[in-house]
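Below: one structure, written as structure tokens.
So you know, we letter chains A, B, ... as the sequences are listed, proteins then strands, and number each from 1.
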Amino acid sequence: MGLLSKKDSKLILDPLADNNPITIQVLGICSALAITAQLKPSIVMAISVMFVMGVGNVVIALMRNIIPSKIRIIVQLVVVATLVIIVDQVLKAYAYTLSKELSVFIGLIITNCIIMGRFEAFALGNGPWRSFLDGIGNAAGYGVILIIVGFFRELLGSGTLFGFKVLGDPVEKTGLYALGYENNGFMVLPPMALIVVGIIIWVQRSRNPALIED
Amino acid sequence: MEHLELFFKSIFVDNMVFAYFLGMCSYLAVSKKVSTAVGLGAAVIFVLAITVPLNWLLDQYILQEGALTWLGPEFADYDLSFLSFIMFIATIATMVQLVEIVVEKFSPSLYNSLGIFLPLIAVNCAILGGSLFMQSREIATLGLALNYGVSSGIGWFLAILAIAAIREKIRYSSVPAPLRGLGITFIITGLMAIGFMSFGGMLTGGDETEQKEDKAAAEIEIIKEEEADKSLADNTKVIK
């Protein structure tokens, strides 16, 4: 951490655990749940959000003194929308099937509350470098939850990771399936995303009782 | 018939909250009390009913491939659909501001109950999601687009109303401390979503592929329903 002062590294590390955007601040749930049935889309989503947040925070921080406060929401929306269009076009060009799979949820990064929330709370009052770190940190906190949820849902739901059959072949009954293990098809259905996130919150708050709400 | 099918499908089967998790942020943040939940829910229906048809017009006459032919035959090759995100969100943001001004001017009482939620709604994913789904599902007519906006708004309204009522009651039960608040709300929403999945078998019409999907989904659901009943029964036991 030679590059970063202690205060700066806190910006990145805090959102990873005790100030996680999903489990503590309750922001950006919408897209977090819908695309986590498999690991690959979760990771693509995490990277897309990280790009949009990092760059967006810098742009807003650079413009923070010239944006009239009355129309700042519209300015923020335009900045995010532009960045999301770039992400969407890149995905369509280089990973077409994946972009079809993510369907409208790439577009919904625009209304991802984490992004607007960080613009409002941080980038409007801080310089570009610190805002960039804050953006990357929060996007990483978001990505970590996405990847955890995606990991468990794909592993337990389909018995695969990144499409590789890590638990053996369910049709030919090899690996774990030889012992009578069955995939829990329920895990790939939407409701289980909510329950998995609920369990992550449960575990996190049990480990750190300071986070418990009354 | 087409209208009726879309109406019920958007409310129950493709429920914004339970099937696509749209608008979850405000759904979780504003569902502590039934009265505020009703206000926000009504505002969502209202704004969806305005923005979805409007964005349908935009999509149909400006953004789609070949949509600009009404300007002249030389525009037939233009495809502006990559601009749809920015156009949709701009329409939504301006419409929300406009609605806020109009409501404030003409109906102060409605403004008092609805007004505080309107700015929140510009960045609600349910609103943008409504327009994006309208685009990706290629809804055919303006009437259907209006129907889609209203009915998916009603679905969202139902969801937030139900969770607010449950959260008001659950305050009196002994939820494990780390789950209190957010955690238990997630899990209850998951259970409610399982319940709503059983509406999947309600669809009758549609084309053949859709029926096939429904059949497969229905088979899974029968198994799931049993589990859902069991967990719901457990849940009510806990509440009691």
Side-chain angles (χ1 to χ4, degrees), chain A residues 23-35 71 73-74 76-78 80-82 84-85 88-89 92 100 103-117 185-186 189-209 211-214, chain B residues 18-29 82-90 92-94 96-97 119 122-129 131-133 135-136 176-197 217 220-221 223-224 227-228 231:
Chain A
T23 59
I24 309 297
Q25 303 172 32
V26 214
L27 296 173
I29 317 276
C30 328
S31 51
L33 298 170
I35 45 91
I71 59 157
I73 302 242
I74 297 200
Q76 290 165 0
L77 283 173
V78 171
V80 195
T82 317
V84 170
I85 289 176
D88 185 52
Q89 296 293 317
K92 270 191 186 138
K100 276 278 159 254
S103 68
V104 301
F105 290 99
I106 288 289
L108 288 173
I109 297 178
I110 298 171
T111 48
N112 191 320
C113 343
I114 301 181
I115 295 179
M116 298 299 281
F186 203 30
L189 297 174
M192 278 315 283
L194 287 159
I195 295 179
V196 172
V197 175
I199 292 170
I200 293 175
I201 292 174
W202 191 359
V203 172
Q204 192 186 17
R205 294 188 184 185
S206 312
R207 287 164 55 98
N208 186 354
L211 301 173
I212 290 174
E213 295 171 45
D214 17 63
Chain B
F18 296 130
Y20 297 105
F21 314 108
L22 295 181
M24 279 305 264
C25 308
S26 23
Y27 168 86
L28 291 167
F82 69 95
L83 283 177
S84 47
F85 293 158
I86 209 163
M87 292 287 267
F88 285 176
I89 197 73
I92 290 167
T94 40
V96 167
Q97 297 258 277
V123 288
N124 186 328
C125 0
I127 310 294
L128 182 63
S131 293
L132 290 177
F133 272 125
Q135 189 191 33
S136 71
L179 265 182
R180 241 172 251 164
L182 193 58
I184 195 70
T185 313
F186 266 103
I187 292 179
I188 293 174
T189 311
L191 293 175
M192 281 160 71
I194 296 170
F196 263 69
M197 285 182 65
I220 308 169
E221 259 146 35
I223 312 166
K224 301 317 173 217
E227 282 175 49
S231 44

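With values rounded to the nearest 0.5 angstrom, Phe21(B) atom CZ is found 8.0 Å from Phe105(A) atom CZ. Atoms OG and CD1, from Ser84(B) and Ile85(A) in turn, are 7.0 Å apart once rounded to the nearest 0.5 Å. Of the inter-residue distances, the one linking Leu182(B) atom CG with Ile201(A) atom CD1 reads 4.0 Å to the nearest 0.5 angstrom. The structure places CD1 of Ile89(B) at 6.0 Å from OG1 of Thr111(A), a figure rounded to the nearest 0.5 Å.
Contact annotation for Ala90(B): neither backbone nor side-chain heavy atoms come within less than 4.5 Å of a heavy atom of chain A. Using a 4.5 Å cut-off between heavy atoms, Leu128(B) contacts chain A through both its backbone and its side chain. Both the backbone and the side chain of Phe85(B) come within contact range of chain A, each with at least one heavy atom under 4.5 Å from a heavy atom of that chain. Using a 4.5 Å cut-off between heavy atoms, Ser136(B) contacts chain A through its side chain alone, with no backbone atom that close. Within the 4.5 angstrom heavy-atom criterion, only side-chain atoms of Ile74(A), from C-beta onward, approach chain B.
Listed by chain and residue number, Asp88(A) satisfy the salt bridge (Lys or Arg N to Asp or Glu O under 4.0 Å) test with Lys92(A) (two or more places apart in sequence, or in another chain).
Counting all heavy atoms, side chain and backbone alike, Arg205(A) lies closest to Arg180(B) at NH1-O, 3.9 Å. Here the closest heavy-atom approach between residue Gly129(B) and residue Leu108(A) is recorded as N-CD2, 3.6 Å.
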Name every donor-acceptor pair, under 3.5 Å, that has one atom in a side chain of residues 191-199 of chain A and the other anywhere in the protein, sequence neighbours excluded.
none

